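Here is the naming used below: chain letters follow the sequence lines, and residue numbers restart at 1 for every chain. The structure presented is a predicted model; accordingly, all values stated were derived computationally and were not measured. No hydrogens, no waters, no symmetry mates; every other heavy atom, side chains included, goes into these values.
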Amino acid sequence: MSAPAAGGRGAAAPDVAARVVQWQATHGRNHLPWQNTRDPYRVWLSEIMLQQTQVATVLGYYQRFLDRFPDVQALAAAPQDDVLALWSGLGYYSRARNLHRCAQIVVEQHGGQFPASVQQLAALPGIGRSTAGAIAAFCFGERAPILDANVRRVLTRVLGFGDDLAQAASERALWQRAEELLPREDLLQAMPRYTQGLMDLGAGICLPRKPSCMLCPLQDVCVARREGEPERYPVRTRKLKRSAGSWWLLLQRDAAGRVWLQRRPDAGIWAGLYCPPDFDSHQALMDAAPAGPLQELPAFVHVLTHRDLHLHPVLAPAQPGAAAQAQEDESPGGWFAPAQWRALGLPAPIRTLLERLAQDGGLQN
DNA sequence: ATCCTGCATC
DNA sequence: GATGCAGGAT
């Protein structure tokens, strides 16, 4: 057993890195499909998929994605719609669009090799400082910290870091502390395991509500535990005001059960995704709808971070040529059978709506 | 720096 | 029904 280095490190954080590394080797996750590789493409893909998405869900997508796009060149060369189709169901589609753009930049500007430093990685679309740190640590052994939500929880608790993370200065200070906790220069080969260990602690031990402190390798150096209320960390004030908006959706369905969808513009809400034509008012929809009986479906609310979107679906019979007049922008549209639209990038509420419609079969119409 | 985003989870 | 996340846009 090695004694903690005397000096150099404050007594408040004795050998955090060593404890994490040792614990990871015996208790961490070491057999996920994106582990045990130093291929930046694979690591990058997994990190992007794991943003806002649980491991269990990503497992089902990761291999399919790799099969279809085995390397960054294949991904860069693919049509965006193919990428979105494989992403279909994962949500947060800006990740998929950034992923695609990033692949193209790596191919065109970096000769098909991911750059090997945090700084350069973080300059790529979809890669922030934390994701860049993870890739750099896993693939290049760079001494770079990560600070995603899970790790933020671990570190604020261990350190008893109680400053309000809504303040940029506090956030900066925590990054600084994260750097100080990294394995020492003479343990550089430990970077991948250390990084993975922090992730594993955050995901499995240092949970938001019920941390399993008894199982934690940091239990006897953790300030939050000593204080008795680890759940108090991290501290973040929130300021949220949500506005409301209403959209009327023109759902046209033909006899074969196909629906009319069009690709949304590349900027704005649901960029690049497929959606029925939307209108600001019932009247505007009426003006654009084909002649014939309209059926108002139950309205529902889709919640975005600071917008409550009230959606009013209106079912209309299909009429030849009628769909084209629905909107004048040059967004391409078309008729999609269920098997087809299920493979498209669809906003979550639209996917739900179409599934309901498909379930009800020919309900009316 | 500050605000904005789409969705899952709790 | 409220909150959080991790990145982008301005």
Checklist entry - So, A:Tyr41 and A:Gln113: side-chain donor and acceptor under 3.5 Å apart, yes or no? => result no
Next on the checklist: I'd like to know if the side chain of A:Glu296 pairs up with that of A:His282 as donor and acceptor (distance under 3.5 Å, no hydrogens or angles considered).
Outcome noted: yes
Checklist outcome for this item: Which of A:Arg153, A:Glu227, A:Arg152 passes side-chain hydrogen bond (donor to acceptor under 3.5 Å, both in side chains) with A:Tyr233? Answer is A:Glu227
Next on the checklist: Less than 4.5 Å apart, side chain to side chain, heavy atoms only: is that true for A:Pro293 and A:Pro317?
Outcome noted: yes
Over how many whole Å does the gap from [X] atom [atom1] to [N] atom [atom2] extend?
X: A:Asp164; N: C:dG4; atom1: CG; atom2: P; answer: 11 Å
X: A:Asp308; N: C:dA2; atom1: CG; atom2: C1'; answer: 11 Å
X: A:Leu273; N: B:dC7; atom1: CG; atom2: P; answer: 7 Å
X: A:Arg152; N: C:dA6; atom1: CZ; atom2: P; answer: 6 Å
X: A:Glu231; N: C:dG4; atom1: CD; atom2: C1'; answer: 17 Å
X: A:Trp175; N: B:dA1; atom1: CH2; atom2: P; answer: 16 Å
X: A:Glu47; N: C:dA6; atom1: CD; atom2: P; answer: 10 Å
X: A:Glu171; N: B:dC3; atom1: CD; atom2: P; answer: 16 Å

Item to check | 5' priority, DNA chain C, between A:Leu304 and A:Ile48 [closest heavy atom] | outcome: A:Leu304
Next on the checklist: Please compare A:Arg153 and A:Leu124 by the position of their nearest nucleotide in DNA chain C and report the one closer to 5'.
Outcome noted: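 Going by which nucleotide is closer to the 5' end, it is A:Arg153.
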Checklist entry - Between C:dG8, B:dC7, C:dA6, which nucleotide gets closest to the side-chain atoms of A:His302? => result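 Nearest listed nucleotide: B:dC7.
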Checklist entry - Of all the choices, B:dC7, C:dG8, C:dA6, which nucleotide is nearest to the side chain of A:Asn98 once you look at every atom? => result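 Within the option list, the nearest is C:dG8.
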Checklist entry - Does A:Trp270 make a side-chain N or O approach to OP1 or OP2 of B:dC7 shorter than 4.0 Å? => result yes
Checklist entry - Looking at A:Phe336, A:Trp335, A:Trp260, A:Tyr93, which one forms a ring pair (Phe, Tyr, Trp, His ring centres under 6.0 Å) with A:Tyr274? => result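 Per the ring pair (Phe, Tyr, Trp, His ring centres under 6.0 Å) rule, the option paired with A:Tyr274 is A:Phe336, out of A:Phe336, A:Trp335, A:Trp260, A:Tyr93.
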Checklist entry - Is it true that atom CD of A:Gln189 has more than 12 heavy atoms of other residues, nucleotides or ligands lying nearer than 6.0 Å? => result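 For A:Gln189, atom CD is crowded (more than 12 foreign heavy atoms under 6.0 Å).
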Next on the checklist: Per the ring-ring contact (aromatic ring centres under 6.0 Å, His included) rule, what does the pair list look like for residues 113-171 of chain A, sequence neighbours excluded?
Outcome noted: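 Listed by first then second residue: A:Trp44-A:Phe114.
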Checklist entry - How is A:Ala149 classified with respect to the nucleic acid when contacts are heavy atoms under 4.0 Å: base, sugar-phosphate, or nothing? => result sugar-phosphate
Using a cutoff of under 3.5 Å, can you pull out all pairs of nitrogen or oxygen atoms linking the protein to nucleotides 8-10 of chain B, with atom names and distances?
{"unit_1": "B:dT9", "atom_1": "OP1", "unit_2": "A:Gln54", "atom_2": "OE1", "d": "3.3"}
{"unit_1": "B:dC10", "atom_1": "O3'", "unit_2": "A:Arg209", "atom_2": "NH1", "d": "3.1"}

